[in-house]
Amino acid sequence: MDNSEVITLLSRREIEKMRRAGQLAAQLLQHLEPFVKPGVSTLELNDEAERWTQAHGAKSAPLGYGGDKHRPAFPKSICTSVNEVVCHGIPNAKQLLKDGDIINIDVTLIVDGYHGDTSKMYLVGEPSATARRLVEVTEKCRQLGIEQVKPGARLGDIGAAIQDYAESQGFSVVRDFVGHGISNIFHTAPQVAHYGSYGTGKKLRAGMVFTIEPMINEGTYEIEVLKDKWTAVTKDRSLSAQCEHTIAVTDSGHEILTLP
Ligand code: MF3
Ligand code: CO
Ligand code: CO
């Protein structure tokens, strides 16, 4: 077996560190709420997030992350994914939010070496009824996925619960991005698909920590990555929504580590 498939079990001490990082990340999402208004640029949101993060003694994990021979490192501190952007939107001074937009802000903070990764949807002014329904369904998908998490359950149970509900509501589940193990490493095993079948995949064990971050599309689940090599958009340019928590498997079930 490849070492990249080994799922590390975190100690109580490590989970306590994950809880501190997760809580601060969740607090940052709360802090940003009043800034998300028509006319603000996604760069202004980024800069406020970076300022707040530094003021709280933490580090933004996305800044400078993920560069390789195929793409540049991520250039900003948060991801801002508006409307048809599925994930990894890059904050930009020219991108101003407007009435009716939906935006996902995804933050990952490093505190004492450990990562807290969480994201949420914000409504700008008054989005369409469909946009609001997409956001509600996405939030419920995350919740249904989390409810599957307990020792002895399987990774596929999470994806199945999410896919069943999203598709029952007439929406689709993105395949190309998945949740991930997270600890002192940003992205590690396991991969947590947001689609799948009950009773399949690795068994969950207490001490595993991973994200659940479904991306749900109004139309096709297919995506395209733009020329910047980061921004993922829906192939049909229909709306997409996402929300994320970092979850620990506990002896009795699970704990959401990214609560404010
Ligand atoms: N926070 C994202 C996730 O949920 C990852 C962002 S990587 C970045 O996994 F480089 F785009 F910031
Ligand atoms: Co994540
Ligand atoms: Co994230």
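Remember, it's a predicted structure, so these values are computed and weren't measured experimentally.
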Taking the side chain as C-beta and beyond, is there a heavy-atom pair between [X] and [Y] under 4.5 Å?
X: P260; Y: Q30; answer: yes
X: T8; Y: T188; answer: no
X: S81; Y: D106; answer: no
X: V135; Y: R132; answer: no
X: L204; Y: F210; answer: yes
X: V249; Y: P151; answer: yes
X: D47; Y: R51; answer: no

Open item on the list: Ring of Y114, cation from R20 - is the NZ or CZ under 6.0 Å from the centre and inside 45° of the axis?
Closed with: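 No cation-pi geometry.
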
Open item on the list: Can you see whether Y122 has K120 sitting over its ring - NZ or CZ less than 6.0 Å from the centre and within 45° of the normal?
Closed with: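 Geometry flag: set, cation within 6.0 Å and 45°.
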
Straight-line distance of [X] [atom1] to [Y] [atom2], nearest 0.5 Å:
X: Q163; Y: Y221; atom1: CD; atom2: OH; answer: 9.5 Å
X: L32; Y: L45; atom1: CG; atom2: CG; answer: 6.5 Å
X: T258; Y: Q23; atom1: OG1; atom2: CD; answer: 10.5 Å
X: E136; Y: M121; atom1: CD; atom2: CE; answer: 12.0 Å
X: I212; Y: I158; atom1: CD1; atom2: CD1; answer: 4.5 Å
X: N92; Y: K76; atom1: CG; atom2: NZ; answer: 8.5 Å

Task: For T80, side-chain hydrogen bond (donor to acceptor under 3.5 Å, both in side chains) partners two or more places apart - done: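 Once residues adjacent in sequence are excluded, T80 has no partner under the side-chain hydrogen bond (donor to acceptor under 3.5 Å, both in side chains) criterion.
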
Atom [atom1] of [X] with >12 non-hydrogen neighbours under 6.0 angstrom:
X: R175; atom1: CZ; answer: yes
X: Q191; atom1: CD; answer: no
X: E126; atom1: CD; answer: no
X: D251; atom1: CG; answer: no

TODO: Test side-chain contact (heavy atoms from CB on, under 4.5 Å) on H245 and R142 and set out the steps.
DONE: CA-CA 8 Å; H245 273 313; R142 176 178 65 177; 3.4 Å; yes

Task: CA sep, side-chain torsions, deciding dist, call: E44, F35, side-chain contact (heavy atoms from CB on, under 4.5 Å) - done: CA-CA 9 Å; E44 289 173 290; F35 294 88; over 6 Å; no

Minimum heavy-atom distance [X]-[Y], with the two atoms named:
X: A160; Y: S197; answer: CB-C, 3.8 Å
X: I216; Y: A166; answer: CD1-CB, 4.0 Å
X: G39; Y: L96; answer: O-CD2, 3.8 Å
X: L28; Y: A49; answer: CD1-CA, 4.0 Å
X: S41; Y: A93; answer: CB-O, 3.5 Å
X: L144; Y: A161; answer: O-CB, 3.9 Å

Is there a donor-acceptor contact under 3.5 Å from the side chain of [X] to the main chain of [Y]?
X: N184; Y: G113; answer: no
X: T118; Y: E244; answer: yes
X: H194; Y: E213; answer: yes
X: D164; Y: E167; answer: no
X: S172; Y: G219; answer: yes
X: R133; Y: Q169; answer: yes

Open item on the list: Walk me through whether K17 and E14 qualify under salt bridge (charged side-chain N to carboxylate O under 4.0 Å, His left out).
Closed with: CA-CA 5 Å; K17 292 186 181 193; E14 289 178 295; over 6 Å; no

Task: Carboxylate-amine/guanidinium contact E16 R13, below 4.0 Å - done: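 R13 and E16: not salt-bridged.
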
Quick one: do [X] and [Y] end up in the same hydrophobic cluster if we chain Ile, Leu, Val, Met, Phe, Trp and Tyr together by side-chain heavy atoms under 4.5 Å apart?
X: I182; Y: L257; result: yes
X: L239; Y: F177; result: no
X: M18; Y: V107; result: no
X: I105; Y: L97; result: yes
X: I146; Y: L155; result: yes

Task: Exercise: do T250 and E255 side chains pair donor with acceptor under 3.5 Å - done: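 Absent: no donor and acceptor within the cut-off.
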
Open item on the list: Under a plain distance cut-off of 3.5 Å, with no hydrogens placed, do H254 and Q148 share a side-chain donor-acceptor pair?
Closed with: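 No - no donor-acceptor pair under 3.5 Å links their side chains.
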
Open item on the list: Run L43 and N46 through side-chain contact (heavy atoms from CB on, under 4.5 Å) and show every step you take.
Closed with: CA-CA 5 Å; L43 185 67; N46 177 82; 4.2 Å; yes

- [ ] Could you tell me how the ring of F186 sits relative to the ring of Y65: parallel (under 30°), tilted (30 to 60°) or perpendicular (over 60°)?
- [x]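 If you compare the ring of F186 with that of Y65, the planes turn out tilted.
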
TODO: Apply salt bridge (charged side-chain N to carboxylate O under 4.0 Å, His left out) to R237 and E224, showing your working.
DONE: CA-CA 10 Å; R237 302 303 191 264; E224 276 172 23; 3.3 Å; yes

Open item on the list: Go through it in stages, so that I can follow the logic: the residues are F74 and C79, the test is side-chain contact (heavy atoms from CB on, under 4.5 Å), and I'd like the CA-CA distance, side-chain angles, deciding distance and then a yes or no.
Closed with: CA-CA 9 Å; F74 194 78; C79 297; 3.7 Å; yes

Task: Derivation and outcome, side-chain hydrogen bond (donor to acceptor under 3.5 Å, both in side chains), residues Q95 and T42 - done: CA-CA 6 Å; Q95 183 181 39; T42 51; 3.0 Å; yes

- [ ] Check V82, I102, N83, D101 against V124 for a side-chain contact (heavy atoms from CB on, under 4.5 Å) and give me the one that passes.
- [x]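 Of all the options given, the one that passes is D101.
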
Task: Passing candidate, side-chain contact (heavy atoms from CB on, under 4.5 Å) with I223, options D236, V85, V233, V86 - done: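 Among D236, V85, V233, V86, the one that satisfies the side-chain contact (heavy atoms from CB on, under 4.5 Å) with I223 is V86.
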
- [ ] Using the test salt bridge (charged side-chain N to carboxylate O under 4.0 Å, His left out), find all partners of E147 that sit at least two apart in sequence or belong to another chain.
- [x]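 Testing E147 for salt bridge (charged side-chain N to carboxylate O under 4.0 Å, His left out), a comparison that skips the adjacent residues, returns none.
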
